[in-house]
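Chain letters run A, B, ... following the sequence lines, proteins first and then strands; every chain starts at 1. Atom set for the values below is all heavy atoms of this structure, side chains included, hydrogens, waters and symmetry mates excluded.
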Amino acid sequence: MHEEYTKSEFAAQTALTDKKNLGIIYVLCVCLSMSNTISKHAIKIENLTKRFEKVTAVDDLSLEIGWGELFGLLGPNGAGKTTVINILSTLLEPTNGVAAVADHDVVFGADEVRKIIGVCPQEPAFYQHLTGRENIELMGDLHEVPKDVLKDRVETMLKKIGLEDDADRRAGQYSGGMIRRVSTLMALISDPKVALLDEPTVAMDPVSRRAVWDFIRELKSNGKSIILTTHYMEEAEELCDRVGIIDQGKLIALGSPKELMEEHHAEDLEEVFIKLTGKKLREGF
Amino acid sequence: MALRRTLALVKKNMKMFTRQPAVLFLLLLFPIIVTATFGLAFGGMGQGGVTNFDIGLLNLDAVSTDPQWTNSFEGNLTELEGITVTYFDDNASGQSELLQGNMDAFIVIPEGFGDSCTSYWNSPFDGSSWINTTVELYVDSGSMIASSAIPPLIQQVVLKTMFGNDATTLDLPVDIGSPTLVEASYFTQWDFMAPGIFAFASIFMIMIVAQSLTEERDGGLLKRLGTTPLKSHEFMLSQVISYMLIAVVQVFLVFAASFLIGYRPATDAAGLGFAFAILLAFSLVNVGFGLIAATISKSAEIASGLSFIFIMPQMFFGTFMPLGGLTETISRFMPSNYVTEAITTLFLRGAPVTTLSIWSNLGIVLVSGLVLLLIGVVLFRRYSTR
């Protein structure tokens with residue numbers, strides 16, 4: 001069912017094609033035993049549906065996101081973006097369909113999924129009485145990032161995102177933009193293979209937003225897969241390799257920003273959305 | 001299980017506790033204040049010294065032909081340690097002083113008291129020839145100590161007046177053994193209350209557990225933690241460890257405060273160790289109740305109020321409040337009562353740590369704690385984290 005090569009399949013295939021090179025096969029097997037499987041997709045969603053009583057938040061959504069891809073999930077408030085993120089984060093179970101991160105089912109392999117994801121929730125969740133640095137370090141500890149690595153990484157990340165001077169102040173005293181930046185670092189301190197960023201730049205000042213954009217770009221350049229939900233079309237156009245537009249839980253368009261604009265003869269993604277749905281993307285808020 | 005994750009959360013909790021003045025007050029300062037104020041108010045000063053009683057005396061037998069008996073009564077009364085006698089000329093003013101709480105007791109020596117005593121000694125074996133009189137004793141009903149301690153003291157004075165100093169050394173075929181285990185008559189009211197205060201001090205932990213968990217839940221932090229490799233049992237263990245650490249500090253502070261105001265429990269190091277152990281077990285009960293309160297609360301504010309559903313019964317039926325009848329029956333369902341009972345046995349009755357009853361008390365508290373914790377964890381996971 002899954003488009004994957006299991007360890008045994010891959011080893012057998014390699015052995016058949018190159019029986020003589022046993023050394024390479026051995027090395028490959030060792031590498032495979034460490035990762036167990038090689039998944040083709042970072043994220044795979046098939047016929048995903050989520051209902052809350054009578055409300056269908058996500059309706060038969062299918063999606064594949066590759067490794068190293070920065071995927072933008074666009075849609076107005078209530079479109080189902082956060083529900084998708086919550087399902088991929090293992091916080092919600094689907095009503096129907098399946099979702100997998102690195103081939104780990106989000107329901108049955110939730111523990112494995114949590115080891116490889118970094119989640120930045122829409123509403124920044126942080127401990128007000130801890131400092132920014134302590135909040136970030138706590139998440140690193142929960143992911144068991146080696147102590148020395150964690151220390152260096154926190155320093156580096158704080159500098160990159162422009163928080164090094166305020167890192168030792170209590171987070172409760174931060175401005176909204178600073179809190180969002182801390183929240184982003186909390187999600188990414190574990191160096192996750194898959195980052196799920198739910199509107200990380202909403203209500204941010206332009207300087208903070210630019211800093212987060214640079215940060216996200218760097219993540220992508222390091223081969224991370226990223227799902228980014230956003231209201232901001234310029235953000236999607238600037239950052240995303242591909243975008244999926246969802247409305248009322250349904251995926252109504254999928255492709256690169258350029259492809260979608262060409263296909264719909266639009267000047268920007270906002271116009272694409274208007275042409276597809278007949279309404280403005282930011283009507284809902 | 002990853003110990004690092006659990007310890008990271010414990011560290012986080014400790015920082016959160018120490019950085020919030022309100023929490024710090026409720027967890028640490030409040031127990032000290034309760035101990036100090038109760039201890040001072042109920043006689044903790046002076047290592048269980050003798051309690052002073054103010055007693056009013058009205059002698060209506062002043063014109064007796066044989067005044068030696070009333071003189072002897074007065075002398076014996078004033079000789080008693082810790083008794084201050086005030087003389088009155090009429091009954092009304094004495095009763096008024098007693099009613100206003102200015103005295104602990106008021107004694108009226110009746111007219112004919114001397115004649116009554118003389119009549120006894122004239123014919124000690126002929127009761128029909130005695131002149132009977134009654135010494136009236138009025139005790140402050142608002143004072144538990146006065147009500148229980150003064151009547152036997154006056155009885156002693158009467159006996160001494162009638163029979164002299166030999167009254168207490170008369171040879172009788174039946175002896176009342178000297179109470180070596182229970183010496184309650186030498187204790188102040190604080191000594192009776194102190195064991196309950198130890199349990200009382202940690203009961204308010206329920207509120208802090210409920211508040212902090214609802215705050216974490218409402219702030220989206222539990223959800224955020226749910227996206228990390230943290231297991232729910234690691235989270236719960238971190239909560240238990242954190243609050244047990246707080247309980248250790250609380251118990252230490254309450255002990256220290258008690259000691260400073262003169263409280264000396266009738267136990268040794270093993271007894272103190274046992275008290276620590278049972279109070280730690282009691283912290284499991286409090287975390288369990290806190291989790292249940294958090295589950296049924298929609299916000300931190302509501303959690304504070306709802307916590308009292310669990311705090312009040314434990315406080316009134318299981319700490320320092322006197323029990324009897326129905327309340328005694330209810331107290332059997334209160335874990336705090338078993339904590340108080342065990343500490344009373346050790347600290348007040350002076351029983352050794354090998355006493356079976358205190359171990360059964362510990363067992364009951366421990367099992368209650370584990371069961372409540374389990375119920376709390378299951379309910380909280382089921383209804384509060386999604």
(request) Determine, stepwise, if the pair A:Glu199 / A:Thr230 fulfils side chain to side chain donor-acceptor pair (under 3.5 Å). (result) CA-CA 5 Å; A:Glu199 309 206 24; A:Thr230 182; 5.9 Å; no
(request) Have a look at A:Thr201 and tell me which of A:Arg181, A:Arg180, A:Glu235 forms a side-chain hydrogen bond (donor to acceptor under 3.5 Å, both in side chains) with it. (result)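 Only one of A:Arg181, A:Arg180, A:Glu235 forms a side-chain hydrogen bond (donor to acceptor under 3.5 Å, both in side chains) with A:Thr201, namely A:Glu235.
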Under 3.5 Å, side-chain donor or acceptor atoms of residues 309-317 of chain B against the rest of the protein: list the pairs with distances, not counting sequence neighbours.
unit_1	atom_1	unit_2	atom_2	d
B:Gln314	OE1	B:Ser336	N	3.2

(request) Please determine, by modelled atom types, if B:Gln250 and B:Ser202 share a side-chain donor-acceptor pair under 3.5 angstrom. (result)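 Not at all, the side chains of B:Gln250 and B:Ser202 share no donor-acceptor pair under 3.5 Å.
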(message) Is a donor from one side chain sitting under 3.5 angstrom from an acceptor on the other, for A:Asp198 and A:Thr82?
(response)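 Their side chains do contain a donor-acceptor pair, which is all the 3.5 Å distance test asks for.
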(request) Mind listing the closest non-hydrogen atom pair of B:Ala293 and B:Ala210 along with its distance? (result)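 Heavy atoms only, the tightest pair is CB-CB, 3.8 Å.
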(request) Count the heavy-atom pairs under 4.5 Å between each of A:Leu130, A:Leu196, A:Val113, A:Asp111 and chain B, then report the option with the highest count. (result)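 With the most close heavy-atom pairs to chain B, the winner is A:Leu130.
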(message) For the interface with chain A, which of B:Gly220, B:Gly226, B:Gly219 has the highest count of heavy-atom pairs at distances below 4.5 Å?
(response)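 Counting heavy-atom pairs under 4.5 Å, the top option is B:Gly226.
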(request) Please look at B:Glu216 and chain A and tell me whether the side chain, the backbone, both or neither of the residue comes under 4.5 angstrom of a heavy atom of that chain. (result)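 Interface part for B:Glu216: side chain.
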Is [X] in contact with chain B via its backbone, its side chain, both, or neither, using a 4.5 Å heavy-atom distance?
X        : answer
A:Glu134 : side chain
A:Met139 : side chain
A:Ala187 : both

(message) Can you tell me how the ring of B:Phe204 sits relative to the ring of B:Phe308, calling it parallel under 30°, perpendicular over 60° and tilted otherwise?
(response)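 B:Phe204 vs B:Phe308 ring planes: perpendicular.
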(message) Are there residues of residues 9-26 of chain B whose heavy atoms fall under 4.5 Å of chain A's heavy atoms? If so, which?
(response)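 The stretch touches chain A at B:Leu9, B:Lys12, B:Lys15, B:Met16, B:Arg19, B:Gln20.
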(request) Salt-bridge test for A:Lys115 and A:Glu112: reply yes if a basic N is under 4.0 Å from a carboxylate O, no otherwise. (result)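 Yes.
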